[in-house]
Amino acid sequence: MKNNNIEQRDNFGSRFGIIAAAAGSAIGLGNIWKFPYMTGLNGGAAFIIVYLVCIAFIGLTLMLSEFIIGRRAQKNAIGAFKKLAPNTPWFLTGWMGVIAAFVILSFYGVIAGWCMEYIVRAVMNSFAGMSPDEITSSFVDFIGRGGKPIFWQVAFMSLTGFIVVSGIKDGIEKYAKILMPLLVAIIIILDIRAITLPGAGAGLEFLFKPDFSKLTANGILMALGHAFFSLSLGMGTMITYGSYISKKENLGETALQVTIADTLIALLAGIAIFPAVFAFGIEPNAGPGLVFITLPNVFQQMPLGYLFSILFFILLTVAALTSSISILEVVVAYFVEDLKMNRKRATITATLAITLLGIPCSLSQGAVPLNIGGMSFLDAMSWLTDNLLLPLGGLLIVAFVGWVLGRKEVEEEVTAGGIKVSYIPLFMFLAKFVAPIAIALVFLNGVGII
Ligand code: PFF
């Protein structure tokens with residue numbers, strides 16, 4: 001397809017850069033904070049098996065769909081639908097994505113801010129000598145304050161804006177290429193520490209020996225919802241990143257590599273956490289407080305725990321940062337291409353607006369009683385994305401590729417660089433039927449219809 005843009009669009013410069021950036025987007029708080037606690041709440045290995053099935057059949061299909069839309073259109077999430085399906089309401093799918101980006105990053109920035117505070121606490125050795133109750137109350141007290149969590153949220157969002165303002169090659173790709181190897185190195189060190197603890201076996205058993213009696217229907221739906229969040233799907237992040245991938249690259253292979261990397265890191269995060277949790281006789285089903293309450297307890301008792309606690313919270317912050325830049329880019333790309341702002345203005349405007357929306361999320365943790373539907377404002381935003389925006393966005397995206405773009409265009413795009421593929425019939429079947437039906441189930445469950 002001819003590119004009519006007079007201005008050259010910024011692109012990723014290397015294959016490693018593409019993988020680092022896209023895997024950086026996928027690997028985030030979802031892998032290291034959320035996946036372990038969801039696994040803990042849903043009984044361990046059985047949940048993981050369901051999650052893997054969701055990733056393999058639906059996640060991968062949707063990721064390739066997003067890459068195809070983005071690279072074919074060479075546009076941001078909204079512009080892509082306008083270009084590929086002109087004069088139809090399909091662009092509303094892109095709109096939903098941009099809204100989801102606002103919503104997700106608003107609460108994501110808050111939690112990432114907590115991770116930064118915990119780096120400082122770890123460095124100051126503040127968990128030393130605290131009882132489990134004191135560790136819990138110091139966390140609850142911190143997130144319930146007005147000023148400090150917002151200070152960290154603003155710091156984290158500024159860091160995100162700082163990287164995004166430099167563009168794709170000189171900003172996002174450059175930092176992903178540094179931060180992702182760092183992340184992998186830290187997680188491997190933490191894994192070695194965890195599995196060499198006496199009593200680690202029980203944690204590994206919890207992770208890898210399935211007990212299907214613990215799995216509920218709701219657990220299955222949570223696994224699918226989490227597959228979207230973890231792979232950054234359903235809101236146009238991978239459409240936006242796909243638009244920066246050169247025509248020479250093999251999109252199917254890229255989607256597969258990113259999916260495998262994301263899944264491996266989630267498992268490695270589980271291996272870093274559960275053996276340690278079990279080794280110290282702590283219950284695994286701690287919920288969202290797992291990394292901020294349970295782990296400081298664990299680190300306190302662990303030989304060299306001081307060092308490992310610092311590494312762990314750096315890991316969380318780095319993972320969050322490479323994801324937050326991809327979320328911000330969804331909004332910035334739209335502002336730049338469709339609203340014709342320059343990159344600097346677009347980044348500042350988007351960062352400010354999202355940070356402002358994050359403030360009520362932060363305050364809702366105790367400082368101000370901001371509740372929606374019985375949930376704190378932050379939990380409500382997270383619920384809205386997991387159960388509504390991402391599944392609905394994902395459904396529309398995959399159905400668009402299956403039914404509107406169709407086999408001929410899909411084939412043309414995935415074979416663009418002279419690449420031979422044999423998965424088209426399977427992919428089309430998944431995109432037309434399996435993925436939309438499965439996603440519709442999550443969605444209907446999310447809105448309470450089933
Ligand atoms: N995938 C990220 C994580 O697992 O933390 C979160 C995320 C990033 C969700 C980008 C959605 C998104 F578009």
Side-chain angles (χ1 to χ4, degrees), residues 28-30 32-34 36-37 40-41 104-160 190 269 273 276-277 280 282-283 285-302 305-321 323-324 354-372 375-383:
L29 294 174
I32 300 164
W33 167 65
K34 216 166 165 189
Y37 89 67
L41 287 176
I104 293 188
L105 195 47
S106 69
F107 71 80
Y108 207 81
V110 172
I111 297 165
W114 300 350
C115 302
M116 288 175 85
E117 158 80 11
Y118 270 65
I119 298 181
V120 175
R121 289 191 178 194
V123 171
M124 313 263 281
N125 205 8
S126 347
F127 313 124
M130 276 193 187
S131 70
D133 283 348
E134 283 167 341
I135 288 183
T136 307
S137 59
S138 80
F139 173 66
V140 174
D141 173 64
F142 160 64
I143 65 171
R145 282 208 234 157
K148 211 168 179 195
I150 293 177
F151 166 80
W152 285 117
Q153 179 217 354
V154 170
F156 179 82
M157 290 302 299
S158 310
L159 216 52
T160 304
L190 291 170
I273 292 174
V277 167
F280 294 106
I282 295 171
E283 280 296 308
N285 54 349
L290 181 68
V291 302
F292 296 106
I293 296 172
T294 311
L295 286 190
N297 269 312
V298 169
F299 289 131
Q300 234 221 103
Q301 302 174 47
M302 181 191 272
Y306 171 70
L307 195 68
F308 291 110
S309 65
I310 299 175
L311 284 179
F312 181 80
F313 289 108
I314 293 178
L315 169 75
L316 265 181
T317 307
V318 165
L321 188 59
S323 297
S324 63
I354 293 170
T355 307
L356 283 179
L357 183 62
I359 289 176
C361 290
S362 181
L363 292 176
S364 74
Q365 295 306 293
V368 180
L370 281 170
N371 292 314
I372 300 182
M375 284 181 266
S376 73
F377 191 75
L378 189 154
D379 291 337
M381 293 295 113
S382 169
W383 184 90

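All residue numbers in this chain count up from 1 along the given sequence.
Rounded to the nearest 0.5 angstrom, Ile111 CD1 and Leu316 CG are separated by 10.5 Å. Atom-to-atom distance recorded for Ile135:CD1 and Thr294:OG1 is 9.5 Å, nearest 0.5 angstrom. To the nearest 0.5 Å, the span separating CZ on Arg145 from CG on Leu363 amounts to 13.5 Å. Atom OH of Tyr108 is separated from atom CH2 of Trp33 by 9.0 Å, given to the nearest 0.5 angstrom. Within the model, atoms OG of Ser309 and CG of Leu190 stand 10.0 Å from one another, a figure rounded to the nearest 0.5 Å. Residue Leu295 holds its CG atom at 13.5 Å from CZ of Phe308, rounded to the nearest 0.5 Å.
Remark: side-chain polar atoms of Ser362 are not paired, donor with acceptor, to backbone N or O of Gly358 under 3.5 angstrom. In this structure, the side chain of Glu134 engages the main chain of Ser131 through a donor-acceptor pair within 3.5 Å. The backbone N or O of Thr355 lies less than 3.5 Å from a partner atom in the side chain of Gln153, making a donor-acceptor pair. A donor-acceptor pair under 3.5 Å links the side-chain atoms of Ser158 to the main chain of Val154, judged by distance alone. Judged by distance alone, the side chain of Gln300 and the main-chain N or O of Gly129 form a donor-acceptor pair under 3.5 Å. Side-chain atoms of Tyr306 come within 3.5 Å of backbone atoms of Val123 as a donor-acceptor pair (strictly under, hydrogens ignored).
Taking every heavy atom of both residues into account, Pro360 and Leu356 meet most closely at CD-O, 3.1 Å. The nearest pair of heavy atoms linking Phe313 to Ala122 is CD1-CB, 4.4 Å. Across all their heavy atoms, Met157 and Gly109 have their closest contact at SD-CA, 4.1 Å.
The side chain to side chain donor-acceptor pair (under 3.5 Å) check on Trp114 picks up nothing, with sequence neighbours excluded. The side chain to side chain donor-acceptor pair (under 3.5 Å) test applied to Asp379 returns Ser376, not counting sequence neighbours.
In this structure, Pro36 and Leu290 have side chains that are in contact, with non-hydrogen atoms separated by less than 4.5 Å. Looking at Gln365 and Phe377, their side chains never come closer than 4.5 Å, going by heavy atoms from C-beta outward. For the pair Leu378/Leu370, no side-chain contact is recorded, criterion being any heavy-atom separation below 4.5 Å from C-beta on. Taking 4.5 Å as the limit, every side-chain heavy atom of Leu105 sits out of range of all side-chain heavy atoms of Leu357. For the pair Ile354/Thr160, no side-chain contact is recorded, criterion being any heavy-atom separation below 4.5 Å from C-beta on.
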Q.
Please determine whether side chain to side chain contact (heavy atoms under 4.5 Å, CB included) holds for the pair Trp383 and Ile372, giving the CA-CA distance in whole Å, both sets of side-chain angles, and the decisive distance to 0.1 Å.
A. CA-CA 11 Å; Trp383 184 90; Ile372 300 182; over 6 Å; no
Notebook entry, point to check: Are Met116 and Val120 close enough, and set up right, to give a side chain to side chain contact (heavy atoms under 4.5 Å, CB included), and what steps lead you there?
Noted result: CA-CA 7 Å; Met116 288 175 85; Val120 175; over 6 Å; no
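Across Ile32, Thr317, Ile314, a single residue satisfies side-chain contact (heavy atoms from CB on, under 4.5 Å) together with Cys115, and that is Thr317.
The cationic group of Arg121 lies under 6.0 Å from the six-membered ring centre of Phe142 and within 45° of the ring axis, placing it in a cation-pi geometry.
Between Tyr118 and Phe292, the gap from one ring centroid to the other is short of 6.0 Å.
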